[in-house]
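The first residue of the sequence shown is numbered 1, and numbering continues consecutively from there.
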Amino acid sequence: MGYRIPEETIETIRRTVDIVDVISDYVQLKKQGRNYFGLCPFHGEKTPSFSVSPEKQIFHCFGCGAGGNVFSFLMDIEGISFLEAVKRLAVKANIDLSHLQLDDADKSRTNTGETKMMVEAHELLKKFYHHLLVNTNEGQEALDYLQARGWTREIIDQFEIGYAPNSWDFAVKLLSGRGFSLELMEKAGLIIRKENGDYFDRFRHRIMFPILNHHGDTVGFSGRLLGEGQPKYLNSPETAIFHKGKILYNFHQARLHIRKHQEVILLEGFADVISAVQAGVAHSVATMGTALTEEHARILRRNVDTVIICYDGDASGIEATFRAAEVLTEAGCHVKIATIPDGLDPDEYIRKYDPDRFRRDIIDAGSSLMAFKMMYFRKGKNLQDENDKIRYIEEVLREISKLPNPIEWDYYLRQLADEFSLSLSALQEQLNRYKGTVKHSHHIDREETPKPLLQKKLLPAFQNAERMLLAHMLQSRDVAMVVQEKIAGNFNLEEHRAIAAYIYAFYEEGNDPDVSLLLSRLPDDLKPLVTELSLLLINDEVSNQELNDYMRHVLNYPKWLMLKEKEQEKMEAERKKDFLTAARIAKEIIEMKKMLSS
């Protein structure tokens, strides 16, 4: 029978932990005024609309509407029950709950009991494997191999590398002896079942690299075979706790270093990460023996803006770099490329040269993504051949056309023009064709007639009313407070709702009207509209009648839509000669019109 946690204990935990610290483990937050903003972890977005208030200890996403306190955040992000969230936060707050007998009955959502046992089994094996490697004669061969390749005892301990003995039943006996269900251990990927029902170890005579999830729980292994045989590397299968498309190796240790450096180094393998960390590049992570997924990219983008890809320098590594860069760019990351020469991988480069050279000549010397692509498109082409040269130029122009920055367009166009002695105007013309419109080439056409900053728009009454309200709210705190009381978030257009929410928060922080300061708090996609609204020609003061008229238009618009639907229903009833229904709807329409005119 589970006992409830006293309300005062829950409140103490809530007051003790800082919601900003908790959410920062999942989202890269940047302070803007009194609040923090970042990319929402609950839906895909490229501009931050996720807000955290340290004063109120709440979070809210203006994009998808997610919100709540520190408990609900942890429940939503981890898919756990309220009780489990309280337990985790109590540990963070150094509050002892051991005197309470707690049972979590809500296990249906995540099958907590089984997954907990799976994690505990992995943790147990990790410790035994590590002990065998560093403390026994049985693991000496594996330890000698690791140290011969340059890994110190400190780095071996840090990554808890171990050794699985050359035995068919070491793990089976250890796990069954500790009370673990062998059927469940098969589901966890640690052992394999024979046709006769017996079990044997999945990993034998291998150097064991534990795989930890982003919270530091051991959820899988990668085992490198000692000596001859296949496969050289054997990885845990996909299980309830291990999804390689969602886990980045070393992310749990690298997260703080990523925040410190404001960039992450993306590598391909375990050995690359371990060598890079030993070389002083602690903000290194790797995919789990698979191509970079969209989920990997979203995880990285939530935590950092800049990703430096440092894959192998061979042909397959270059191809993988190109594909990963496309995924990261689509997720909104700023991508740089650290190229390894001579077909080496990062681990080989560090061992052949030295850590300082790796940091200085590889990581710090990373090139732009466009520079890498230009190099990539040269592969297999003879640029002395006219056909190859033209194909190369066209491929580069297509990539330039995707760049968002006019300065970059101009820079790379001039680079092409200089290298191949081409006319800049010819390249510009071809670029415009790839972009599908000449409007993107305004940086080139010096004679282009500038468009007026504001154009008169014929807008629906409700939309114009919302724009006027927001314009007045931008220049008056009092107007904003009236609108917040009467309308709150019930603007009809999504972007207007978001802007209103930012304005409310801005004034609640105690700020005076200041569009420039407000703009510094806004995501990029809202700034143009707010700037436009701030330039609308409005009176310095708005009368109560004018203000009420605007608010009436905004609040009546949904009712007007309902009226239109009723009129359609009436017409449909008349078409079917259902005059009784038509008469009833006509009466409803009359009442609705009275309400709209009142």
Side-chain angles (χ1 to χ4, degrees), residues 24-28 39 41-42 44 74 76-80 88 110-112 114-123 125-126 129 158-162 187-190 202-203 206-224 233-259 264-277 281-304 307-311 320 323-324 327-328 331 333 346:
S24 291
D25 286 341
Y26 302 86
V27 180
Q28 180 190 16
L39 294 173
F42 302 113
L74 208 56
D76 290 342
I77 198 74
E78 291 288 353
I80 58 177
R88 292 194 187 186
T110 57
N111 202 11
T112 305
E114 285 195 355
T115 57
K116 182 179 179 182
M117 294 294 286
M118 287 182 180
V119 171
E120 288 179 355
H122 278 83
E123 293 285 350
L125 277 177
K126 177 185 69 175
Y129 288 152
Q158 179 179 338
F159 284 88
E160 299 176 281
I161 303 171
K187 291 181 181 179
L190 295 172
R202 177 179 296 274
F203 300 101
R206 291 179 180 274
I207 297 173
M208 300 297 287
F209 297 91
I211 300 170
L212 280 62
N213 65 19
H214 298 172
H215 310 293
D217 301 321
T218 308
V219 295
F221 291 99
S222 180
R224 187 199 186 282
Y233 280 94
L234 180 64
N235 299 324
S236 291
E238 294 271 324
T239 67
I241 60 174
F242 176 50
H243 306 282
K244 61 184 178 181
K246 297 181 179 180
I247 294 180
L248 291 160
Y249 183 69
N250 192 47
F251 187 82
H252 70 292
Q253 292 189 122
R255 180 185 277 121
L256 292 178
H257 302 285
I258 290 170
R259 300 281 169 78
V264 60
I265 312 301
L266 179 62
L267 304 165
E268 282 192 282
F270 309 110
D272 295 333
V273 168
I274 296 169
S275 292
V277 171
V281 187
H283 51 307
S284 298
V285 300
T287 52
M288 308 302 304
T290 184
L292 186 82
T293 66
E294 292 181 1
E295 179 63 21
H296 288 143
R298 282 193 290 269
I299 292 168
L300 292 174
R301 181 64 184 89
R302 286 201 299 264
N303 286 272
V304 74
V307 180
I308 300 177
I309 303 175
C310 185
Y311 282 2
R323 292 192 299 270
V327 176
L328 290 166
C333 297

Those residues that, when tested against Glu123, pass salt bridge (Lys or Arg N to Asp or Glu O under 4.0 Å) (two or more places apart): Lys126

For a 4.5 angstrom cut-off between non-hydrogen side-chain atoms, does Asn303 reach Val264? no

How would you list, by chain and number, every residue that makes a ring-ring contact (aromatic ring centres under 6.0 Å, His included) with His257, sequence neighbours excluded? none

I'd like to check Val285 versus Leu266 (side-chain heavy atoms, cut-off strictly below 4.5 Å). Are they in contact? yes

Out of curiosity, Asn250 CG to Arg255 CZ, how far, rounded to the nearest 0.5 Å? 11.0 Å

Beyond-backbone contact of Phe242 with Met118, side-chain heavy atoms, under 4.5 angstrom: no

Taking ring-ring contact (aromatic ring centres under 6.0 Å, His included) as the definition, give me every residue that meets it alongside His243, ordered by chain and number, with sequence neighbours left out. none

Write down the atom of Phe159, the atom of Gln253, and the distance for their closest heavy-atom approach. CE2-NE2, 3.7 Å

Side-chain contact test, heavy atoms from C-beta onward, threshold under 4.5 Å: evaluate it for His215 versus Tyr26 and give yes or no. yes

Could you list the residues that satisfy side-chain contact (heavy atoms from CB on, under 4.5 Å) with Ala324, not counting sequence neighbours? Leu292, Ile309, Tyr311

Spacing of Lys187 atom NZ and Thr239 atom OG1 [to the nearest 0.5 Å]: 11.5 Å

Contacts of Arg88 that satisfy side-chain contact (heavy atoms from CB on, under 4.5 Å) - sequence neighbours left out: Leu74, Glu78, Ile80, Glu84

Just jot down the salt bridge (Lys or Arg N to Asp or Glu O under 4.0 Å) partners of Glu295, sequence neighbours excluded, or say none. Arg298

For Asn235, what residues pass the side-chain contact (heavy atoms from CB on, under 4.5 Å) criterion, not counting sequence neighbours? Ser222, Phe270

Applying side chain to side chain donor-acceptor pair (under 3.5 Å), name anything that partners Ser275, two or more places apart in sequence or on another chain. Trp151, Asp347

Not counting sequence neighbours, which residues clear side chain to side chain donor-acceptor pair (under 3.5 Å) with Arg224? List them please. Tyr145

pair Ile207-Phe209: side-chain heavy atoms closer than 4.5 Å: yes

Would you mind reporting whether His296 and Thr293 have side-chain heavy atoms less than 4.5 Å apart? yes

To the nearest 0.5 Å, what is the distance between CD (Gln28) and CZ (Arg301)? 7.0 Å

Salt bridge (Lys or Arg N to Asp or Glu O under 4.0 Å) filter on Arg302, not counting sequence neighbours, yields none

Quick check: closest heavy atoms across Glu268 and Asp272, and the distance to 0.1 Å? N-OD2, 4.1 Å

Using the test ring-ring contact (aromatic ring centres under 6.0 Å, His included), find all partners of His122 that sit at least two apart in sequence or belong to another chain. Phe221

Identify the two heavy atoms, one from Leu248 and one from His214, that lie closest to each other, and give their separation to 0.1 Å. N-NE2, 3.0 Å

Using a 4.5 Å cut-off on heavy atoms from C-beta on, say whether the side chain of Ile241 contacts that of Asn213. no

Which atom pair, heavy atoms only, marks the closest approach of Ser284 to Val273? O-CG1, 3.9 Å

Could you measure the distance from the SG atom of Cys310 to the CD1 atom of Ile265? Nearest 0.5 Å is fine. 7.5 Å

For the backbone of Ser236 and the side chain of Arg202, can you confirm whether one donor and one acceptor N or O come within less than 3.5 Å of each other? no

Please identify each residue that fulfils side-chain contact (heavy atoms from CB on, under 4.5 Å) with His252, with sequence neighbours left out. Leu212

With rounding to the nearest 0.5 Å, note down the distance linking CD1 in Ile258 to CG in Leu300. 7.0 Å

Nearest atoms (heavy-atom pairs only) where Ala282 meets Val277: CA-CG2, 4.3 Å

Minimum-distance pair of heavy atoms, taken over all atoms of Ala286 and Gly269: CB-O, 3.7 Å

